2 protein chains.
Amino acid sequence: MQRKSFEDLTCPIARSLERVGEWWSILILRDAFHGMTRFDQFQKSLDIAPNMLTRRLTALVEAGLMEKRQYSERPPRYEYVLTDRGRDFREVMLALLAWGNRQFAPEGPSVQLVDTQTGLPADLMLVDRVSGKPAISRDFRLVPGPAADEGVRQRYATKAKPAA
Amino acid sequence: MQRKSFEDLTCPIARSLERVGEWWSILILRDAFHGMTRFDQFQKSLDIAPNMLTRRLTALVEAGLMEKRQYSERPPRYEYVLTDRGRDFREVMLALLAWGNRQFAPEGPSVQLVDTQTGLPADLMLVDRVSGKPAISRDFRLVPGPAADEGVRQRYATKAKPAA
DNA sequence: CAGTATCCTGTCCGATACTG
DNA sequence: CAGTATCGGACAGGATACTG
């Protein structure tokens, strides 16, 4: 029966996972951020079976994260480029990368983000543009928004106090 | 043959995905951040089959993101709490949430982070603690770190110019 | 080069029944 | 309450062969 469809769910995390929840999807996006656009570039880099690559690329295109563009008439050739929506995913990827480096790289990072102006590695944190406070500040709380449905309201109505 | 094991890979994104790549894992963490600790709390909230919940919880414990703690002797009762490593994942989750709200919530967010001091919804962005610049600034570039292996170096040695 | 077409396997996941 | 046990289905993913 496989996973239930969560398309109707309003939780933004679940909705995001609908689009990028498959394992390869994020790695394909990672390579796309690195400038790759062509089928065989992805295939070589990822060492992925070609049919799987086709499936994932198609899914990413359908989700609006990438766009398939013809860059040659004869022979017909296509490339896959990030859309605005896909490019916006960069922050999530960098957050994931930073977390991985902090937690699973005892011998130092294998890939890191550096400031090309100074040469210093970046130390990323999420902040609120409005107040300037870090997102992990205790001042912030997740609450149901205007489009919340019953399920969401129930989950966020628990008396349990949120973990730090 | 299922997915190859990527445990030996040094890419921090792949390494992160090893731990939280399964669909339910992140949703369990989401609920844990919301203060849930007990088996049946997760089960009711997620509407997940009990055997799957056991599997995912066990995996999260093995990955060091959660800890199984006995909170009652007779009868023996356990609870699942976030470890430091698990709590550190909060930034990734919030980044995912913010992306989902930006991209897939035309009718407004269903869940949002608000500043309890001001009542204003947060507008999250990743910034570098060192320079204060946003992570999406063009000044930043991903480069191989001290622990990079051949595969990583090759991927990051392409002449292709990174996508914006 | 850029895929499509088959076939196969592992496992994620759901459903249900059961237990101390 | 907090799970374990068992069953079965759907699909992610791999391997390989083939095409314009």
Side-chain angles (χ1 to χ4, degrees), chain A residues 1-9 14 17-29 31-32 36-63 66-81 160, chain B residues 1-7 9 14 17-29 31-32 36-63 66-81 158 160:
Chain A
M1 202 159 293
Q2 259 291 86
R3 211 173 67 211
K4 301 164 201 165
S5 171
F6 286 95
E7 278 165 29
D8 46 339
L9 274 195
L17 291 174
E18 276 297 316
R19 275 66 176 209
V20 296
E22 275 85 40
W23 210 91
W24 284 118
S25 304
I26 293 184
L27 293 183
I28 291 173
L29 291 172
D31 283 354
M36 297 188 189
T37 59
R38 309 237 298 263
F39 195 90
D40 78 312
Q41 291 180 312
F42 292 117
Q43 211 200 334
K44 280 202 192 74
S45 166
L46 298 169
D47 192 27
I48 182 179
N51 54 351
M52 279 313 306
L53 182 53
T54 298
R55 295 225 289 251
R56 296 288 118 238
L57 282 172
T58 304
L60 286 170
V61 168
E62 275 168 5
M66 300 192 82
E67 191 185 354
K68 183 175 184 174
R69 267 200 332 221
Q70 185 157 9
Y71 70 90
S72 158
E73 285 276 348
R74 247 178 339 280
R77 290 284 180 270
Y78 300 90
E79 62 182 351
Y80 299 86
V81 297
Chain B
M1 201 158 296
Q2 258 292 85
R3 212 173 66 211
K4 300 163 200 162
S5 171
F6 287 93
E7 279 167 28
L9 273 196
L17 291 175
E18 275 297 315
R19 275 65 176 210
V20 296
E22 275 84 39
W23 209 92
W24 284 117
S25 305
I26 293 184
L27 293 184
I28 291 172
L29 291 173
D31 283 355
M36 296 187 190
T37 59
R38 307 237 298 262
F39 195 90
D40 78 311
Q41 290 181 313
F42 291 117
Q43 210 200 336
K44 281 201 190 75
S45 167
L46 298 169
D47 192 27
I48 183 180
N51 54 351
M52 280 315 306
L53 182 53
T54 298
R55 293 229 289 255
R56 296 289 119 236
L57 282 172
T58 304
L60 287 170
V61 167
E62 274 167 7
M66 300 192 84
E67 191 185 354
K68 182 176 184 173
R69 267 199 333 222
Q70 185 158 11
Y71 69 90
S72 157
E73 285 277 347
R74 247 176 340 278
R77 290 283 181 271
Y78 300 90
E79 62 181 353
Y80 299 86
V81 296
T158 57

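What you see is a predicted model, and the numbers here were worked out from it, not measured in a lab. Below, chains carry the letters A, B, ... as their sequence lines are ordered, and counting in each starts from 1.
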Suppose we screen for side-chain hydrogen bond (donor to acceptor under 3.5 Å, both in side chains). Which residues come up paired with [X], at least two apart in sequence or across chains?
X	result
B:Glu79	B:Arg69
A:Arg77	none
A:Tyr71	A:Arg38
B:Lys44	B:Asp40

Got a minute to check which stems DNA chain C is part of, using Watson-Crick or G-U wobble pairs under 3.5 Å, three or more consecutive?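 Stems for DNA chain C, defined as runs of 3 or more consecutive pairs: C:1-20 with D:1-20.
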Distance check needed: [N] [atom2] versus [X] [atom1], whole Å only.
X	N	atom1	atom2	result
B:Leu53	D:dA2	CG	C1'	10 Å
B:Arg55	C:dC13	CZ	C1'	7 Å
B:Gln43	C:dC13	CD	P	15 Å

For residues 50-63 of chain B, pull every pair meeting salt bridge (Lys or Arg N to Asp or Glu O under 4.0 Å), keeping only residues two or more places apart or in separate chains.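 Listed once each, the pairs are B:Glu22-B:Arg56.
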[N] phosphate, OP1 or OP2: any side-chain N/O from [X] under 4.0 angstrom?
X	N	answer
A:Arg38	C:dA2	yes
A:Trp24	D:dG14	yes
A:Tyr71	C:dC1	no
B:Arg56	C:dC13	yes
A:Thr54	C:dG3	no

Restricting to non-hydrogen atoms, name the atom on B:Met66 and the atom on B:Ala32 that form the minimum distance, rounded to 0.1 Å.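 Heavy-atom minimum between the residues: CE-CB, 3.7 Å.
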Could you say whether A:Glu22 or B:Tyr80 is positioned toward the 5' end of DNA chain D, judged by the nucleotide with the nearest heavy atom to each? B:Tyr80
Kindly give the atom pairs (protein nitrogen or oxygen, nucleotide nitrogen or oxygen) under 3.5 Å for nucleotides 16-20 of chain D.
none

